[in-house]
> 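Just passing along the structure, written as structure tokens.
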2 protein chains.
Amino acid sequence: MRTPASVDKRQAVTPGRIVTEALRLTREEGLENWTLRRLASAVGAYPAVVYHHVGDRETVVAAVIESVVAEVALPDERLPWRTWFEELLGGLRPVLRAAPGVARRLALHGPGVPSALAIIEGGVRVLRSAGFGDESVVVYELLLNQACLFVAFEDDRGLSPGIRERSAELFSSYRDSETQPGLAAMGRYVAEADPAEFFDYAIARTLDGVAARLTDRPVSTPA
Amino acid sequence: MRTPASVDKRQAVTPGRIVTEALRLTREEGLENWTLRRLASAVGAYPAVVYHHVGDRETVVAAVIESVVAEVALPDERLPWRTWFEELLGGLRPVLRAAPGVARRLALHGPGVPSALAIIEGGVRVLRSAGFGDESVVVYELLLNQACLFVAFEDDRGLSPGIRERSAELFSSYRDSETQPGLAAMGRYVAEADPAEFFDYAIARTLDGVAARLTDRPVSTPA
DNA sequence: ACCTGAACACCGTTCAAGT
DNA sequence: ACCTGAACACCGTTCAAGT
């Protein structure tokens with residue numbers, strides 16, 4: 001009401017506002033590129049206030065991941081398993097890309113977040129119905145980890161171009177090598193590769209490999 | 001007048017000794033878990049000495065990655081392509097596991113290191129000979145990234161059990177759920193999964209998916 | 001050329017004290 | 001209950017000064 005202009009805090013500091021701001025910072029500069037101190041000052045508060053309302057940095061990060069994963073749409077469970085996963089992973093990509101760094105966390109540390117449970121439940125059930133039996137869980141993990149890794153790859157290109165540029169230059173210098181045709185091909189590839197195409201290719205090959213498990217051998221009916 | 005950490009300085013501080021020590025620290029506690037200051041005091045020197053002889057932290061890290069990748073054995077190029085990659089990736093795993101954190105860097109930032117060149121050259125050439133044509137480079141990247149990701153996964157379990165434990169507990173609580181059979185299967189899986197088996201399974205499925213590219217359609221013979 | 005020792009500009013986290 | 005303001009124990013990096 002009569003708060004001085006210099007201390008103008010637009011709204012009260014709440015857990016929700018802190019997480020929303022953390023999400024905004026993540027979308028702008030990536031999950032690992034904001035600090036708890038900067039988050040605090042973005043909501044006009046002291047670091048200790050973040051601790052009071054939410055917790056340490058890791059807790060804030062978990063909340064950000066949670067709210068990103070919650071945006072992922074679950075395909076219709078009556079779809080064929082392969083289509084189901086193509087839709088899931090195709091939809092996952094833009095959601096994760098919009099919050100750089102989240103894919104990396106999911107790929108490396110697993111989905112330790114409540115809203116992932118519905119996706120797991122759906123995915124594993126779809127695979128079991130398709131006849132993957134006891135392999136359903138591994139197949140699920142393979143597909144999801146794969147997808148998250150390649151999104152993390154793309155994030156990386158966008159966020160920390162420094163490290164990648166070094167290797168891109170390294171490879172490009174072999175573009176026209178005749179004695180090293182493999183490196184030459186790699187050099188031409190890194191110059192013009194479309195990460196989105198690589199994503200689709202990787203997912204398609206893994207789905208192929210996994211699909212062969214159903215046709216190669218009799219379907220194992222779980223106990 | 002004392003040297004920092006009062007370490008005996010029998011040996012002179014050299015770039016080689018710094019990198020060797022960094023490698024030792026990496027093997028013991030992981031690539032991201034030592035600091036440049038601790039590295040400096042481990043060789044009995046001031047931080048500025050590391051800068052003088054090697055460079056910033058990122059340069060030291062690159063040197064560590066280089067020396068780890070240099071240990072990877074290249075299979076005989078006359079092997080069938082699939083066997084060649086099974087041997088390469090099977091050999092890659094223990095080398096990377098011994099230096100936790102290196103796999104993660106390779107998976108996320110690519111192999112920006114000189115000793116990776118021979119592996120790339122060999123791998124892409126093997127695939128081209130096998131008839132993968134222009135897809136050879138993507139196939140190579142898919143297989144190597146895949147392998148590095150799953151090693152990074154294992155590293156993570158070993159090094160930072162904190163984050164993983166949270167999700168393991170989360171899943172385990174659904175072990176006996178009857179309404180959520182997918183989560184129940186996941187809960188049973190995380191309790192007893194062998195990461196080495198997962199690694200082999202993932203590689204095998206990806207190789208299957210990739211192999212199908214050769215049999216599905218006519219082999220394109222590049223000029 | 002190589003090392004010293006301090007400084008700079010940050011971190012995440014904790015805590016007694018205020019209101 | 002919530003916020004203040006300072007402190008603690010670190011970082012990576014830089015730099016003038018010594019030898």
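Just the heavy atoms: all of them, side chains too, but no hydrogens, waters or symmetry mates, feed the values below. The shown structure was predicted, so the numbers you read here are calculated from the model rather than taken from an experiment. In what follows, chains carry the letters A, B, and so on, assigned in the order in which the sequence lines appear, proteins first and then strands, with residues in each chain numbered from 1.
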> Testing A:R27, A:R104, A:R97 for salt bridge (Lys or Arg N to Asp or Glu O under 4.0 Å) with A:D155, which one passes?
A:R97
> Please pick, from D:dT13, C:dT13, D:dC2, the nucleotide with the shortest atom-to-atom distance to any side-chain atom of A:L36.
C:dT13
> With rounding to whole Å, what would you report as the distance between C:dA9 and D:dA9 at their P atoms?
22 Å
> Quick check on DNA chain C: between A:R38 and A:A48, whose nearest nucleotide comes earlier from the 5' end?
A:R38
> Separation of A:E32 atom CD from C:dG12 atom P, in whole Å?
11 Å
> Nearest of C:dC11, D:dC3, C:dT13 to any side-chain atom of A:H53?
D:dC3
> If we call it a pair only when both distances are under 3.5 Å in a Watson-Crick or G-U wobble match, what pairs with D:dC2?
C:dG18
> Determine, for B:E192 against B:R188, whether the closest basic-nitrogen to carboxylate-oxygen distance falls under 4.0 angstrom.
no
> Mind calculating the distance between OH (B:Y51) and C1' (C:dA1) to the nearest angstrom?
20 Å
> Any idea which of C:dG12, D:dC3, D:dG12 is nearest the B:R37 side chain?
D:dG12
> Does any N or O in the side chain of B:E21 come within less than 3.5 Å of the main-chain N or O of B:L39, such that one atom is a donor and the other an acceptor?
no
> Once you apply the 3.5 Å cut-off to both distances, tell me the Watson-Crick or G-U wobble partner of D:dA7, or none.
C:dT13
> What's the CG-P distance between B:N33 and D:dC10, to the nearest Å?
15 Å
> Are B:R57 and B:W34 in a cation-pi setup, meaning NZ or CZ lies under 6.0 angstrom from the ring centre and within 45 degrees of the ring axis?
yes
> Give the rounded distance in Å between these two atoms: NE2 of B:H52 and P of D:dT19.
17 Å
> If you check the B:D56 side chain, which of D:dC3, C:dG12, D:dT13 turns out closest?
D:dT13
> So, does B:S41 use its side chain to make a donor-acceptor pair with the main chain of B:G44 at under 3.5 Å?
no
> Between P on C:dC11 and CZ on A:R57, what's the gap in Å once rounded to a whole number?
11 Å
> Would you indicate which nucleotide in D:dT4, C:dG12, D:dT13 comes nearest to any side-chain atom of A:V49?
D:dT4
> Of the options D:dG12, C:dT13, C:dC3, whose atoms approach the side-chain atoms of B:T35 most closely?
D:dG12
> Would you kindly give the OH-to-C1' distance between B:Y46 and D:dA17, to the nearest whole Å?
13 Å
